[in-house]
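Note on naming: letters A, B, ... go to the chains in the order of the sequence lines (proteins, then strands), and numbering restarts at 1 for each one.
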Amino acid sequence: MPAAFALMDCNNFYASCERVFDPSLANAPIVVLSNNDGCAIARSAEAKALGIAMGEPAHLRRGFYDRHGVRLFSSNFALYGDMSRRVMETVKMLAPGGPEDMEIYSIDEAFVRLDGDVPRDREAWARNLRRIVLRWTGIPVSVGIAPTKTLAKIANRTAKRDPSCAGVFDLCAHPDPDAVLAATDAGDVWGVGRRHAAMLARHGVRTALALRDLPDVFVRSRMTVTGLCTVRELRGVPCIPLEQAPPPRKSILTSRCFGRPAHTFGAMAEAVAAYACRAAEKLRALGLAASHVTVFVMTSPHAEGEPYHADTTTAGRLQATDHSAALMALARTCLERIYRPGHRYKKAGVMLTGLERADARQQALPGLTPGAGDDERGRDLMRALDAVNAKWGRASLQYAGAGLDKPWRMRQAHCSRRFTTSWDDLPEAKS
DNA sequence: TCTGGGGTCCTAGGACCC
DNA sequence: TCTGGGGTCCTAGGACCC
């Protein structure tokens with residue numbers, strides 16, 4: 001029997017993370033909000049049962065949340081990222097083929113290659129994985145098993161939704177796989193988004209089964225080669241391999257809505273400088289350097305009576321750099337080109353591209369002076385900056401240009417503590 | 001007061017080359 | 001009553017993912 005794929009997916013991951021550290025949340029409806037406390041991005045089972053939708057704007061539902069005792073949380077990515085690391089380390093230990101046979105797909109999902117051909121063994125492995133992950137991390141997970149990654153996604157949905165599965169479903173061992181596909185909406189297939197789902201519906205294709213049986217020519221012409229991959233995977237032909245090593249990054253983005261609109265060049269310059277610094281920190285953490293900086297700005301698309309305004313531009317340099325000040329300077333150049341007075345800006349972002357490994361950078365031509373920060377002193381300064389902030393917390397030491405009071409900073413009114421990554425955030429011991 | 005952040009890939013079309 | 005063929009690179013826009 002050919003290899004099978006298992007997909008491990010954490011149940012209501014962010015809500016489950018909050019629950020691990022607060023027993024009073026055991027059976028409560030929990031909603032985790034996006035940055036800026038804007039929309040609901042994760043819900044516990046109890047919150048889903050109340051009809052709270054993914055992505056709904058929270059400010060429209062405050063009264064409803066209060067009435068039903070919904071516990072609200074600002075997103076706490078320091079906590080979720082660390083809990084994810086613990087879950088993934090555990091899965092890695094239990095992968096039958098070793099760590100090479102595991103792919104961390106997202107913050108709460110991992111694929112594992114399973115070679116055993118005895119269905120009972122596969123299911124027993126999955127049940128053991130669930131038990132150990134729950135015991136070691138407190139996070140409940142579900143496991144779907146199938147011949148391809150796309151089918152494993154579908155199997156995982158079944159594992160989550162059908163209580164008789166108790167968290168594990170092996171599509172390879174199911175007597176009637178077509179029935180499972182017939183019970184899955186085409187739009188719920190991995191790789192089929194809203195637009196393609198609507199297009200398919202116009203052609204009478206509503207289930208994963210109907211999508212699977214579509215002619216290749218139709219799929220290729222309307223959904224490109226990626227759609228064809230998806231359809232072949234539904235037929236049980238593996239087209240999407242396990243990614244052992246994460247592919248090299250092509251861009252790094254830091255963008256945020258402002259807690260309050262920014263309407264001066266000074267405020268915008270501060271925000272853009274702060275985002276450029278944050279992006280530079282991510283860059284150095286990955287051991288990369290960037291040659292180009294893109295800045296975009298926009299006003300709120302929701303504000304009535306105000307014209308929507310958005311613009312973007314890019315500036316570059318000959319040699320890639322990982323120096324904060326050099327990248328800030330490029331970002332400022334971009335902002336000067338696109339800033340228009342008179343607008344209430346709601347969001348800005350800084351993207352770094354032209355990424356190379358910092359230790360194997362293309363050198364400038366002889367005779368050209370290196371850009372600011374590309375010498376030994378510049379590298380020492382960045383090492384010191386990162387070391388201080390690693391020890392004392394993010395932005396303990398920062399460029400003044402990134403702003404001190406940051407009136408545009410995002411709102412996070414409901415944040416839980418960073419229980420697992422910050423000693424200062426541990427609750428006081430009661431004696 | 002008021003609607004997230006961070007990514008990737010594919011295609012079409014234009015500019016440019018010989 | 002007439003305008004090649006073949007290629008690369010870049011960009012904008014669209015679609016998808018969690």
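Using a 3.5 Å distance cut-off with no hydrogens or angles, the side chains of A:Arg278 and A:Thr254 do not pair a donor with an acceptor.
Both stacking criteria are satisfied for A:His302 over the base of B:dT3: a centre-to-centre distance under 5.5 angstrom and an angle between ring planes under 30 degrees.
Both tests hold for A:Arg61 against A:Phe64: distance to the six-membered ring centre under 6.0 Å, angle to the ring axis within 45°.
For A:Arg220 and B:dT11, the shortest distance from a side-chain N or O to OP1 or OP2 is below 4.0 Å. For B:dT3, neither phosphate oxygen OP1 nor OP2 lies less than 4.0 angstrom from any side-chain nitrogen or oxygen of A:Lys347. For A:Ser255, a side-chain nitrogen or oxygen approaches OP1 or OP2 of B:dG6 to under 4.0 Å. Distances shown here put every side-chain N or O of A:Ser34 at or beyond 4.0 Å from the OP1 or OP2 atom of B:dT3.
Put simply, CG on A:Leu33 is 14 Å from C1' on B:dG5, counting in whole angstrom units. At whole-Å resolution of the value, CZ in A:Phe73 and C1' in B:dG4 are 19 Å apart. Taking atom CZ of residue A:Phe258 and atom C1' of nucleotide B:dG5, one finds them 14 Å apart after rounding to whole Å. Rounded to a whole Å, the NZ atom of A:Lys153 is 15 Å from the P atom of C:dC16. Atom-to-atom, CG of A:Leu283 to P of B:dG6 comes out at 15 Å; the value is rounded to the nearest Å.
In this structure, A:Glu56 reaches neither bases nor backbone, as no heavy-atom distance under 4.0 Å exists between it and the strands shown. A:Val189 comes within contact range of the sugar-phosphate backbone alone, with a heavy-atom separation under 4.0 Å but no base atom that close. Counting non-hydrogen atoms under 4.0 angstrom, A:Arg260 reaches nothing in the nucleic acid.
For A:Val225, the side-chain atoms get nearest to B:dT11 when compared with the rest of B:dT11, B:dG6, B:dT3. Closest to the side chain of A:Asn35, out of B:dG6, B:dC10, B:dG4, is B:dG4. Comparing B:dT8, B:dC9, B:dG4 by their nearest atom to the side chain of A:Cys39 picks out B:dG4. Considering only side-chain atoms of A:Tyr105, the nucleotide from B:dG4, C:dC16, C:dC17 that sits closest is C:dC17.
The residue among A:His59 and A:Pro247 whose nearest nucleotide of DNA chain B lies closer to the 5′ end is A:His59.
Just one residue in the list A:Glu103, A:Glu233, A:Glu109 forms a salt bridge (Lys or Arg N to Asp or Glu O under 4.0 Å) with A:Lys149, and that residue is A:Glu103.
Using the Watson-Crick or G-U wobble rule with both distances under 3.5 Å, C:dC10 pairs with B:dG13.
Nucleotides C:dG4 and B:dC17, compared at atom C1', are 14 Å apart to the nearest Å.
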